[in-house]
Number of protein chains: 2
Amino acid sequence: MDTIIQRLAMDDTAGNEFYIKRDDLLPFSIGGNKVRIAEAFYEDMKAKGGDTMIIYGSRHSNLCRVLSDLCFSRGTKCVMICSHEAGEDDAPTNNTHLITWTGTEIVNCAKNEIAQTVERVMNNIQESGGTPYYIYGDKYGKGNEGTAARAYAEAYREILRQEQEMGVAFDYIFCPSGTGATQTGLTCGHLLAGDRKKIMGVMISSRETERAYQVIEEGIQTYFAEHPEVREQMPEDLSGEIHLLDAYRQEGYGKYDARVEACIRQQYLANGIPLDPIYTAKAFWGMAEYVRDAGIHDSRILFLHTGGTPLFFDYVSNSSEQQQKP
Amino acid sequence: MDTIIQRLAMDDTAGNEFYIKRDDLLPFSIGGNKVRIAEAFYEDMKAKGGDTMIIYGSRHSNLCRVLSDLCFSRGTKCVMICSHEAGEDDAPTNNTHLITWTGTEIVNCAKNEIAQTVERVMNNIQESGGTPYYIYGDKYGKGNEGTAARAYAEAYREILRQEQEMGVAFDYIFCPSGTGATQTGLTCGHLLAGDRKKIMGVMISSRETERAYQVIEEGIQTYFAEHPEVREQMPEDLSGEIHLLDAYRQEGYGKYDARVEACIRQQYLANGIPLDPIYTAKAFWGMAEYVRDAGIHDSRILFLHTGGTPLFFDYVSNSSEQQQKP
């Protein structure tokens with residue numbers, strides 16, 4: 001079933017129309033883009049003969065929440081490698097609570113120990129007779145670039161269908177850009193369709209821009225390598241197709257200021273939509289800033305709501321009435 | 001757009017099939033049955049020439065959350081009368097935080113002071129030139145029984161359409177029964193359709209059963225009085241049509257034990273569905289108990305998920321890993 005696309009009430013004097021695709025309402029494990037992506041990983045694990053899922057993320061991870069729930073519901077063992085930034089607050093979030101409910105084993109490690117931790121966990125599983133599947137490929141996180149992209153290449157076709165039904169043609173699709181998987185998938189979908197849309201990733205972490213660009217480029221190449229029947233639709237030069245906005249990441253992953261908080265309240269109040277400070281509100285705010293700064297006008301602009309409702313409620317339950325009135 | 005109906009994975013050895021209708025995913029203000037009901041109240045206010053919305057509920061109220069957001073988004077002033085049980089914990093919930101965001105004025109009162117508080121608030125609004133609309137009618141909460149019912153009489157037609165599409169005929173529809181409005185609406189829909197379905201309300205509060213029955217009966221009568229074109233479809237005797245289960249309310253409104261908590265975890269884990277302890281999990285647990293106790297077998301059973309995701313997260317964020325493993 002398609003997720004709904006809604007028109008947004010927005011302050012805009014440049015003749016733009018704003019829309020939102022509510023992937024936060026995907027009907028499993030509190031929704032989000034990670035529902036589509038988790039399904040793709042799970043199928044890939046089965047196809048490759050794996051029996052134990054190894055997932056990776058921070059305490060804010062929506063992907064780990066969905067994958068741990070998916071594994072539980074299908075009787076598959078799951079281990080989470082949870083990385084921490086030095087000096088970072090490590091209080092449990094709603095996502096970590098829900099992951100804990102599933103009984104998923106959580107292995108904590110520092111940011112610079114990920115590869116060795118993945119290796120150790122994989123070895124342990126093998127020694128006890130299991131066949132581990134690490135969602136990102138090898139211990140360095142390489143070798144599985146195409147799987148997550150597939151999910152949003154497919155979702156792109158859903159958007160094209162909905163454009164027809166609604167009688168609207170979007171000029172831009174904006175999404176939060178973290179790992180880059182969603183943006184990669186949407187860009188593949190756009191290349192396959194050969195349409196004029198621009199896929200814009202709003203960076204929400206401090207990943208170096210050039211590195212982020214490279215990851216998306218490699219992802220697109222992998223996707224097309226895995227789909228030889230459409231390989232000719234990939235342009236030689238991808239440089240005009242990958243749009244990364246790096247001016248709105250503020251102090252980096254998980255950091256946000258009052259402008260992002262104002263955006264959360266504004267969108268809840270004006271449109272009844274929950275956005276979270278780590279991913280979607282930061283990207284939404286960045287989109288609005290960019291549209292104004294770049295002088296975009298008379299365009300139809302779609303924001304992909306990638307979910308994170310548990311993080312919205314982390315914010316709500318810690319927000320007091322005294323802080324910053326709307 | 002219709003909300004999805006999903007098949008549930010359930011422990012059942014009596015040949016029953018369980019389904020859930022995800023009204024928690026209605027795409028405004030975190031969803032729930034109150035989205036449909038709030039729209040009905042808002043239209044009714046406009047039709048009656050009101051300009052100030054007066055809403056009523058507890059600190060857990062999903063209806064007050066949705067109505068305060070709807071009023072904000074449409075530029076309508078809103079006042080909430082918030083009742084407290086003596087000795088009850090009055091810490092703010094996610095719903096009260098979100099209501100506060102909207103700037104809705106909150107007037108607190110004790111459970112036995114509701115009528116006089118409604119009257120005072122209405123008088124104040126009139127004195128300052130406004131036209132108050134109290135969602136429940138007069139100061140005693142009488143006179144607007146048909147409005148909320150209308151929303152679920154309409155939703156019933158959506159369910160009938162979905163049955164056709166899915167090729168399933170439901171024998172039972174279960175829903176939480178608090179104010180009774182949703183059950184009243186579904187029962188009206190059933191009477192209009194003249195079908196065989198049984199509409200089952202699982203009581204979640206300590207309202208006296210006979211009183212609850214009466215409220216639903218009056219609601220049905222009001223609905224049919226307001227729709228003279230269908231009046232002949234109302235049976236003389238409603239006694240076989242109103243099904244209230246009062247054995248699962250535990251210690252009353254907002255009170256729940258470990259069986260309800262286990263149900264929350266089970267449904268999240270097995271089906272990726274958030275249920276809350278105040279309304280939906282208590283009703284879902286009650287449904288499962290009743291189906292077993294009453295020996296219901298080989299039936300197709302639909303549970304209406306009436307929302308309350310903010311209350312699910314009140315529970316999640318207070319649940320520690322130590323408490324009750326699944």
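Here is how names work: the chains are called A, B, and so on, in the same order as the sequence lines, proteins then strands, and each is numbered from 1. Heavy atoms only: backbone and side chains are in, while hydrogens, waters and symmetry mates are out.
- The environment of CD in B:Gln164 is sparse: at most 12 heavy-atom neighbours from other residues, nucleotides or ligands sit within 6.0 Å.
- In this structure, A:Asp11 places its CG atom where only 12 or fewer heavy-atom neighbours from other residues, nucleotides or ligands lie under 6.0 Å away.
- A side chain to side chain contact (heavy atoms under 4.5 Å, CB included) with B:Ser317 is found for exactly one of A:Asn94, A:Val316, A:Asn318, namely A:Asn94.
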Please lay out, stage by stage, how B:Thr102 and A:Tyr268 fare under the test side-chain hydrogen bond (donor to acceptor under 3.5 Å, both in side chains). CA-CA 9 Å; B:Thr102 66; A:Tyr268 175 74; over 6 Å; no
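- We find the CZ-CZ distance between B:Arg22 and A:Phe28 to be 10.0 Å, quoted to the nearest 0.5 Å.
- Between B:Gln6 and A:Met1 the shortest side-chain heavy-atom distance does not fall below 4.5 Å.
- Heavy atoms closer than 4.5 Å to chain B are found nowhere in A:Asp24, neither backbone nor side chain.
- Once rounded to the nearest 0.5 Å, the distance linking CZ of A:Arg265 with CZ of B:Phe72 reads 11.0 Å.
- The most heavy-atom pairs under 4.5 Å with chain A, out of B:Leu25, B:Asp69, B:Asn271, come from B:Asp69.
- In this structure the side chain of A:Trp101 reaches within 4.5 angstrom of the side chain of B:Ile264, judged on heavy atoms.
- Among A:Pro274, A:Gly31, A:Pro27, A:Ser68, the residue with the largest count of heavy-atom pairs under 4.5 Å with chain B is A:Pro27.
- Nearest heavy-atom pair, B:Ser73 versus A:Ala270, reported as atom, atom and distance to 0.1 Å: CB-O, 3.5 Å.
- Of all the listed residues (B:Ile273, B:Leu98, B:Ile4), the one sharing the greatest number of non-hydrogen pairs under 4.5 Å with chain A is B:Leu98.
- Of the two parts of A:Asp2, only the backbone, made up of N, CA, C and O, holds a non-hydrogen atom closer than 4.5 Å to a non-hydrogen atom of chain B.
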